[in-house]
Amino acid sequence: MWRKLQPVIARTPALAHYAGRDLAEFPVTDIADLRADYGAWNSLGMSDGELRGLAAAAEQGTAVGELSAGWSTGTGGGARGLFLASPAERADYIGQSLARLLPARALFKRQRLALHLRASNALYSDVGRGRFTFAHFPLEASIEQSVAELAQFESTILIAPPHRLAAFAQAGAHFSSLQYLFCGSEPAGDAERHFFTERLGVKPRQIYQATEGFLAAECANGRLHLNDHAMAIELEPVPGTPGYRPIITDLRRTSQPIVRIRGDDYLELDACPCPCGFAGRVIHAPQGRVNDIWRFEGRTVTPPQVVAALETVLGGDKIWQAEAGPERVVLNLSPLCPAAISNTAARALSQACDLPVPVEVFHDLSAWSGPKRRKVVWRDG
């Protein structure tokens, strides 16, 4: 696959100088550098301005030719990435997604797929043919409106971010036709996913996807496997932690080659083997970004440690955000969360993570806003 990609690399300005070499000889590029000039990162001879215009038009529902572009949901900090796909790449993406996410028997039945994300795009809507009916439900709608519209659509497959699934669960939503539920675009803890299962009646499976590619999917045994059949994902150790950040190479993308792009997510490998038969490496579900690791003097705390400590007390049904800095940790919760539980959670966080700074509790987080939430945050000033 790498050899077949070389002619495309030779037509990509940022990579052309290295065409024909081994992957290890290519430089590692931070995402911010890729996003600074998309013109250098496509094989079609398109400029940065042309691509941004194409993506902006797609946001407004305007298709310009067969090529599709769009913007990602964005990080918790607001930065968004541009993705580009030809019709052949969209078909390849849909084929991979269906094969990784649905059992074979589901592909031979009529399905109604609801995508509940910030924006739609031909990358997703192309699935709407044959036995599949597709509809996009934007995040801007109220919870009540989204629940009513999803129920009316009678979706059998729903893809949504965890913060919306949490809101549906809290609102007592019931989707009688739903058979397959997937969550993506932001982290979700084990207790939170269990809460979704109890309230919505369907166990959610995770999709780990970024602008840089379809990185991992959860198998039927509940394990998150990297898509090692289509990507070369190197794991760069994160100092002071047992985890890694991904360096991503997509071996199947040609319009916008992704070669050794350093991702932001903090990943930890799952050492337990999986009996499902898929050979992709197993990782624990990402719970935050490398930049949101808490780095105190002499003490490092990772996002999975924070999530595990707080979910032990708060369960999966509470809204919370833990923001740390060099001098303190702020645990922000819903005004409806009882003070006794809040204080217990603060003590549990401090003890479990051996925090060298005090934990202060506030009750100002009534609901999540924006397209993507961040539950674990580091701000060093």
Side-chain angles (χ1 to χ4, degrees), residues 76 116 139 141-147 160-175 181 183 185-204 206 266 284-289 292-294 296 299 301-379:
H116 189 43
L139 293 180
S142 68
I143 295 299
E144 295 76 15
Q145 181 181 346
S146 295
V147 169
H163 78 270
R164 292 296 274 195
L165 295 182
F168 292 161
Q170 292 284 9
H174 177 66
F175 306 114
L181 177 62
C183 58
S185 88
E186 62 193 27
D190 290 340
E192 187 173 39
R193 295 199 304 275
H194 181 70
F195 172 62
F196 300 160
T197 305
E198 284 188 329
R199 290 295 184 90
L200 301 178
V202 181
K203 182 180 180 180
Q206 294 192 90
Y266 174 76
H284 294 291
Q287 297 296 339
R289 298 188 178 273
D292 283 324
I293 292 173
W294 295 356
F296 307 105
R299 182 82 181 113
V301 180
T302 65
Q305 290 176 290
V306 176
V307 173
L310 289 174
E311 283 196 342
T312 299
V313 176
L314 299 176
D317 61 335
K318 305 291 191 303
I319 298 175
W320 61 266
Q321 183 180 62
E323 180 178 312
E327 305 299 328
R328 65 172 184 168
V329 171
V330 171
L331 177 59
N332 204 352
L333 297 134
S334 165
L336 301 178
C337 186
I341 294 177
S342 303
N343 293 332
T344 301
R347 287 194 298 270
L349 177 63
S350 182
Q351 294 170 5
C353 298
D354 192 20
L355 297 179
V357 298
V359 179
E360 300 178 13
V361 178
F362 292 86
H363 292 87
D364 299 327
L365 191 63
S366 56
W368 289 105
S369 60
K372 184 175 286 194
R373 70 181 183 184
R374 287 166 70 195
K375 298 183 79 170
V376 182
V377 181
W378 171 257
R379 300 194 192 281

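Rounding to the nearest 0.5 Å places CG of Asn332 at 5.0 Å from CG of Asp364. Leu333 contributes atom CG, which lies 6.0 Å from atom CG of Leu314 (distance to the nearest 0.5 angstrom). Here CZ of Arg289 is found 15.0 Å from OH of Tyr266. Values are rounded to the nearest 0.5 Å.
By the salt bridge (Lys or Arg N to Asp or Glu O under 4.0 Å) test, Arg193 is found to be paired with Asp190, residues two or more places apart in sequence or in another chain being considered. Not a single salt bridge (Lys or Arg N to Asp or Glu O under 4.0 Å) links Glu311 to another residue, sequence neighbours left out. Remark: Thr312 pairs with no residue by the side chain to side chain contact (heavy atoms under 4.5 Å, CB included) rule, at least two apart or across chains.
Screening residues 350-361 for side chain to side chain donor-acceptor pair (under 3.5 Å), with sequence neighbours left out, gives Arg328-Glu360.
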* Asked: After noting the C-alpha distance and the side-chain angles of Leu349 and Val306, does the key distance pass the side-chain contact (heavy atoms from CB on, under 4.5 Å) rule?
  -> CA-CA 7 Å; Leu349 177 63; Val306 176; 4.0 Å; yes
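Salt bridge annotation for Arg373-Glu192: present, with a cationic side-chain nitrogen under 4.0 angstrom from a carboxylate oxygen.
Considering every non-hydrogen atom in both Gln321 and Arg374, the closest pair reads NE2-O, 2.6 Å. Here the shortest heavy-atom pairing between Ile319 and Ser366 reads CD1-O, 3.7 Å. Smallest separation of non-hydrogen atoms from Gly189 and Val307: CA-CG1, 4.2 Å. Summarising the geometry of Ala309 relative to Cys353, their closest heavy-atom pair is CB-SG, 4.4 Å, with the distance given to 0.1 Å. Across all non-hydrogen atoms, the minimal contact from Gln287 to Pro303 is O-CB, 3.6 Å. Scanning all heavy atoms of the two residues, the minimum distance from Pro187 to Pro286 falls at CB-O, 3.3 Å.
For the pair Val377 and Val330, the minimum side-chain heavy-atom distance is 4.5 Å or more. When side chains are defined from C-beta on, Val376 does not count as touching Pro304, because their heavy atoms never get closer than 4.5 Å. Looking at Trp294 and Val329, their side chains come closer than 4.5 Å, going by heavy atoms from C-beta outward.
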Expected list for residues 164-174: side-chain donor-acceptor pairs under 3.5 angstrom, two or more places apart:
residue : atom : partner : partner atom : Å
Arg164  : NE   : His116  : NE2          : 3.0
Arg164  : NH2  : Ala141  : O            : 2.8
Arg164  : NH2  : Ser146  : OG           : 3.0
Gln170  : NE2  : Asp317  : O            : 2.6

Just list the side-chain donor-acceptor pairs under 3.5 Å for residues 338-346, sequence neighbours left out, or say none.
residue : atom : partner : partner atom : Å
Ser342  : OG   : Pro338  : O            : 3.1
Ser342  : OG   : His363  : NE2          : 2.7
Asn343  : ND2  : Ala339  : O            : 3.2
Thr344  : OG1  : Ala340  : O            : 2.8
Thr344  : OG1  : Arg347  : NH2          : 3.3

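A side-chain donor-acceptor contact under 3.5 Å links Lys372 to the backbone of Ser185.
Between Phe296 and Trp378, the distance separating the two ring centers is shorter than 6.0 angstrom.
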